[in-house]
Undergrad: 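Please read through the structure below; I'll follow up with questions.
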Number of protein chains: 2
Amino acid sequence: MRSSAAQTSRSASLFAALGDETRLRLVVRLSGGGALSIASLTEGLPVTRQGITKHLQVMEHAGLVRNHRRGRESLWQLDQRRLTDARKYLDLISKQWDDALARLKRFVEE
Amino acid sequence: MRSSAAQTSRSASLFAALGDETRLRLVVRLSGGGALSIASLTEGLPVTRQGITKHLQVMEHAGLVRNHRRGRESLWQLDQRRLTDARKYLDLISKQWDDALARLKRFVEE
DNA sequence: CTCATGTGCAACCTCCAGGTTGCATATTAA
DNA sequence: TTAATATGCAACCTGGAGGTTGCACATGAG
């Protein structure tokens with residue numbers, strides 16, 4: 001099973017979406033399960049509402065969050081599938097690593 | 001189990017280190033288990049050796065890779081512990097998410 | 001109806017990530 | 001010793017990420 005270039009590229013943008021402190025804090029908040037409005041997500045963070053909006057859009061492009069409108073509010077929630085994708089990718093890398101070490105060990109012990 | 005601000009910040013820089021296509025490709029190569037030189041890591045990638053060096057340094061700051069000198073070569077290898085850290089962080093988020101949904105389900109079913 | 005609230009859009013600013021080139025310096029191979 | 005190889009250091013460039021402000025526009029509350 002090879003990790004294709006497309007796969008790598010997609011994963012990179014996913015990790016990039018997680019690789020910003022503000023965004024990661026948003027993810028943590030959203031991991032509570034609820035769908036939160038932009039205004040409520042902005043609360044407590046040292047960034048403008050517009051800034052938060054941009055971050056949410058970045059995450060949306062990475063497939064990390066979805067949003068739907070309810071009245072005048074824009075509600076955002078996590079899409080856990082992408083989170084799972086990220087975990088799987090890391091699992092894959094770790095597995096290759098472990099396998100390589102196992103092979104090395106067998107080789108040395110012969 | 002708190003996800004302190006420091007924890008979040010550290011994790012963010014870790015994900016950021018993974019969140020660049022070139023760097024992720026380096027990680028994939030290094031997951032083979034060996035310690036590779038800068039020159040060999042550069043091979044096949046559309047980036048200068050200097051560019052690769054910078055990427056390696058970024059990853060080193062994130063704790064993702066280590067390097068040691070052997071003669072005129074600078075050998076780099078993965079530090080799998082940080083990879084594990086990243087997985088654990090994602091597990092944590094997923095768990096909070098699952099728990100939240102479970103609570104919601106119980107609540108609805110009552 | 002009127003106001004306060006929640007967003008969207010667009011222009012703008014600044015800094016640094018990601019990349020390059022040029023040159024100096026260690027090491028190793030012949 | 002001489003060349004070729006592998007890096008390091010430093011200066012430099014450029015686009016876009018991350019942030020802001022100002023204003024217009026829906027929509028919900030009274």
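Protein chains get the first letters and strands the later ones, always in sequence-line order, with residue 1 at the start of each.
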Undergrad: For B/Asn67 and A/Thr22, take the nucleotide of DNA chain D holding the closest heavy atom to each; which residue's nucleotide lies nearer the 5' end?
TA: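 Checking each residue's closest nucleotide, the 5'-ward one belongs to B/Asn67.
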Undergrad: Around A/Arg10, counting heavy atoms of other residues, nucleotides and ligands shown, do more than 12 lie under 6.0 Å from its CZ?
TA: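 Result for CZ/A/Arg10: open.
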Undergrad: How many Å lie between CD on A/Glu73 and P on D/dG28, as a whole number?
TA: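 Rounding to the nearest Å, CD of A/Glu73 and P of D/dG28 are 9 Å apart.
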Undergrad: Can you label the angle between the B/Phe15 ring and the A/Phe15 ring as parallel, tilted or perpendicular, going by 30° and 60°?
TA: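 Rings of B/Phe15 and A/Phe15: parallel, as their planes differ by under 30°.
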Undergrad: Check this for me: B/Arg87, atom CZ, are more than 12 non-hydrogen atoms of other residues, nucleotides or ligands nearer than 6.0 Å?
TA: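 Yes, enclosed.
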Undergrad: Do B/Arg72 side-chain and D/dT5 base share a donor-acceptor contact under 3.5 Å?
TA: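 In this structure, the two groups form a donor-acceptor pair.
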Undergrad: Starting at CD of B/Gln96, measure out to CG of A/Leu30 and round the result to the nearest 0.5 Å.
TA: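 Between atom CD of B/Gln96 and atom CG of A/Leu30 there are 11.0 Å.
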Undergrad: Side chains of A/Thr8 and A/Ser11: any donor to acceptor distance under 3.5 Å?
TA: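 Per modelled atom types, A/Ser11 and A/Thr8 side chains form no pair under 3.5 Å.
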Undergrad: Under 4.0 Å between a side-chain N/O of B/His55 and OP1 or OP2 of C/dA17, yes or no?
TA: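 No.
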Undergrad: Could you list by number each residue of residues 32-53 of chain B showing a heavy-atom separation from DNA chain D of less than 4.0 Å, or answer none if no residue does?
TA: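 Those residues whose heavy atoms fall under 4.0 Å from DNA chain D, taken from residues 32-53 of chain B in numerical order, are B/Ser37, B/Ile38, B/Ala39, B/Arg49, B/Gln50.
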Undergrad: Please find the pair of heavy atoms, one from B/Ala12 and one from A/Asp20, that lie closest to each other, and give the distance.
TA: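 What the structure gives for the nearest pair is CB-C, 3.9 Å.
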Undergrad: Please state how far atom CZ in A/Arg25 lies from atom P in D/dG18, giving the value in whole angstrom units.
TA: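 It is 15 Å, rounded to the nearest whole Å.
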Undergrad: Where do A/Asp91 and A/Lys88 land on the salt bridge (charged side-chain N to carboxylate O under 4.0 Å, His left out) test, with the steps shown first?
TA: CA-CA 5 Å; A/Asp91 282 344; A/Lys88 283 185 183 166; over 6 Å; no
Undergrad: Separation of B/Leu26 atom CG from C/dG18 atom P, in whole Å?
TA: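 Taking atom P of C/dG18 as the reference, CG of B/Leu26 is at 12 Å.
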Undergrad: If you look at every strand shown and take non-hydrogen atoms under 4.0 Å, does B/Arg23 touch a base, only sugar-phosphate, or nothing?
TA: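 Sugar-phosphate, backbone atoms only, no base.
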Undergrad: To the nearest Å, give me how far apart CG (A/Asp20) and C1' (D/dG16) are.
TA: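 Taking CG of A/Asp20 and C1' of D/dG16, I get 14 Å after rounding.
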Undergrad: What do the steps show when you test A/Asp98 against B/Gln80 for side-chain hydrogen bond (donor to acceptor under 3.5 Å, both in side chains), and what is the final call?
TA: CA-CA 9 Å; A/Asp98 289 338; B/Gln80 206 210 17; 3.3 Å; yes
Undergrad: How long is the line joining CG of B/Leu56 and P of C/dG18, in whole Å?
TA: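 Spelled out: CG on B/Leu56 to P on C/dG18 is 13 Å.
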Undergrad: In whole Å, what is the span from the NE2 atom of B/His68 to the P atom of D/dG8?
TA: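 One finds 13 Å between P of D/dG8 and NE2 of B/His68, rounded.
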Undergrad: Starting from the first five and the last five pairs of the helix from C/dC1-D/dG30 to C/dA30-D/dT1, work out the angle between the resulting helix axes, to 10 degrees.
TA: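 The two end axes of the helix from C/dC1-D/dG30 to C/dA30-D/dT1 meet at 30°.
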Undergrad: Whole angstrom is fine here: how far is it from CD in B/Gln57 over to P in C/dC16?
TA: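 Atom-to-atom, B/Gln57 to C/dC16, this comes out as 17 Å.
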Undergrad: What is the minimum heavy-atom distance between B/Trp76 and B/Leu41, and which atoms define it?
TA: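 Scanning both residues completely, I find the closest heavy atoms to be CB-CD1, 4.3 Å.
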Undergrad: How many whole angstroms separate atom NZ of B/Lys54 from atom P of D/dA10?
TA: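 To the nearest whole Å, that distance equals 12 Å.
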